[in-house]
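Please read the structure below before turning to the comments.
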Amino acid sequence: MVDYVVPHDPEWKNDFSHEASLIKKRLGNIDIELHHIGSTSVEGILAKPIIDLLGVVSDVSALDKKSDAFEGLGYETMGAYGINGRRYYRKINGLGKRTHHLHVYETGSPHVERHLAFRDYLIAHPNKATEYSNLKAKLTSADNVTWDSYLDGKEPFILVTEQEALKWLGSK
């Protein structure tokens with residue numbers, strides 16, 4: 001499965017910062033807090049080469065009137081896309097390749113906490129991050145790998161680790 005996952009690229013941090021700056025500028029008067037999430041935010045592990053951003057706003061419905069701002073940055077507006085209370089956007093470059101995913105929730109959404117807890121837990125527990133990276137390598141090494149089989153293969157690890165991360169966060 002070529003390029004489903006690649007080694008960590010130190011430039012991903014700068015890519016996140018640049019994209020976050022563009023988004024904030026485009027949204028104008030909508031205050032958005034942006035976080036780098038997903039595997040590209042965890043140094044040293046394999047990741048799909050797509051920057052995941054988590055946005056937090058006071059009123060997610062205010063973004064519905066800003067579709068043109070996102071489209072001007074190359075994003076597709078996907079609505080809730082299966083998760084109630086979310087606004088999801090994906091950016092595709094001129095070659096038709098996804099480069100960024102933006103997930104936006106309202107302040108206080110449990111989805112914000114779980115995303116940040118998962119990221120911070122992997123960073124604080126390098127052995128768990130390595131386990132995740134090794135799982136990704138295994139899932140993408142098969143001859144008949146599909147995007148869906150890759151996602152399905154990661155899901156049990158993610159669900160268990162999210163619960164561990166939330167408990168860890170609560171004990172801090």
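Nothing here was measured: the structure is a model prediction, and the numbers come from that model. Starting from 1, each residue takes its place in the sequence as its number. Both backbone and side-chain heavy atoms feed into the values below; hydrogens, waters and symmetry mates do not.
Ser149 places no side-chain N or O within donor-acceptor distance of the main-chain N or O of Val145, the cut-off being under 3.5 Å. With Arg114 contributing its side chain and Glu162 its backbone, the two residues share no donor-acceptor pair below 3.5 Å. Ser133 contributes a side-chain N or O that, together with a main-chain N or O of Leu46, makes up a donor-acceptor pair within less than 3.5 Å. No donor-acceptor pair under 3.5 Å is formed between the side chain of Ser21 and the backbone N or O of Ser17. Between the Ser109 side chain and the Tyr105 main chain, no donor and acceptor come within less than 3.5 Å of each other. Side-chain atoms of Arg86 come within 3.5 Å of backbone N or O of Ala80 as a donor-acceptor pair. Glu106 places no side-chain N or O within 3.5 Å of a backbone atom of Asp59 that could act as its donor or acceptor partner.
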> Given the rule in the side-chain hydrogen bond (donor to acceptor under 3.5 Å, both in side chains) test, do Glu33 and His35 qualify, once you have shown the distances and angles that lead to the verdict?
Replying inline: CA-CA 7 Å; Glu33 181 181 341; His35 302 273; 2.9 Å; yes
> Should Tyr75 and Ile23 be marked as a side chain to side chain contact (heavy atoms under 4.5 Å, CB included) after you check the CA-CA gap, both sets of side-chain angles, and the distance that decides it?
Replying inline: CA-CA 10 Å; Tyr75 283 89; Ile23 291 167; 3.8 Å; yes
>> Could you go through Phe157 and Glu131, starting from their C-alpha distance and side-chain angles, then the distance that decides it, and tell me whether this counts as side chain to side chain contact (heavy atoms under 4.5 Å, CB included)?
In response: CA-CA 9 Å; Phe157 177 91; Glu131 182 182 343; 3.6 Å; yes
> So Val57 and Thr107, side chain to side chain contact (heavy atoms under 4.5 Å, CB included) or not? Walk me through it.
Replying inline: CA-CA 6 Å; Val57 296; Thr107 304; over 6 Å; no
>> Between Phe70 and Arg26, is the side chain to side chain contact (heavy atoms under 4.5 Å, CB included) condition met? List the steps.
In response: CA-CA 8 Å; Phe70 290 107; Arg26 278 290 177 130; over 6 Å; no
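Just one of Ile51, Ile45, Ile50, Leu53 meets the side chain to side chain contact (heavy atoms under 4.5 Å, CB included) condition when paired with Thr40; it is Ile51.
No more than 12 heavy atoms of other residues, nucleotides or ligands lie within 6.0 Å of CG in Asp31, so this atom counts as exposed by the packing criterion. By the neighbour-count criterion of 12 heavy atoms within 6.0 Å, atom CG of Asn14 is densely surrounded, having more than that number from other residues, nucleotides or ligands.
Remark: aromatic rings of His101 and Tyr89 are distant, center separation not under 6.0 Å.
From Ile32, atom CD1 reaches atom CG of Leu63 across 6.0 Å, with rounding to the nearest 0.5 Å. To the nearest 0.5 Å, atoms OG (Ser41) and CZ (Phe118) are separated by 9.5 Å. Interatomic distance, Thr77 OG1 to Lys66 NZ, rounded to the nearest 0.5 Å: 12.5 Å. The line from NE2 of His111 to CD1 of Ile83 is 5.5 Å long, rounded to the nearest 0.5 Å. If you take NZ on Lys167 and OH on Tyr121, they are separated by 10.0 Å, rounding to the nearest 0.5 Å. One finds the CG atom of Asp15 at 8.0 Å from the NE2 atom of His36 (value rounded to the nearest 0.5 Å).
Residue Tyr88 is not grouped with residue Val112 when hydrophobic side chains (ILVMFWY) are merged at heavy-atom distances under 4.5 angstrom, including chains of intermediate members. Follow the hydrophobic side-chain contacts under 4.5 Å out from Val42 and you reach Leu151 in the same cluster. Leu34 and Ile37 are members of different hydrophobic clusters when ILVMFWY side chains are connected at heavy-atom separations under 4.5 Å. No single ILVMFWY cluster, assembled from side-chain heavy atoms under 4.5 Å apart, contains both Ile158 and Leu166. By the criterion of side-chain heavy atoms lying less than 4.5 angstrom apart, applied directly or through intervening Ile, Leu, Val, Met, Phe, Trp or Tyr residues, Phe16 is grouped together with Leu22 in one hydrophobic cluster.
Ion pair Lys13/Asp9 not flagged as a salt bridge, since none of the NZ, NE, NH1 or NH2 atoms sits closer than 4.0 Å to an Asp/Glu carboxylate oxygen. Under the 4.0 Å criterion applied to side-chain N and carboxylate O atoms, Lys91 and Glu76 are not assigned as salt-bridge partners.
Cation-pi geometry between Lys128 and Tyr132 is not met at under 6.0 angstrom from the ring centre and within 45 degrees of the axis.
Using cut-offs of 30° and 60° on the angle between ring planes, the pair His125 and Trp168 is perpendicular. The aromatic rings of Trp12 and His8 lie perpendicular to each other, with more than 60° between the two planes, well past the 30° mark. Taking the six-membered ring where tryptophan is involved, the planes of Tyr150 and Trp147 are tilted, since the angle between them lies from 30° to 60°.
Nearest heavy-atom pair across Ser39 and Lys136 is OG-NZ, 2.5 Å.
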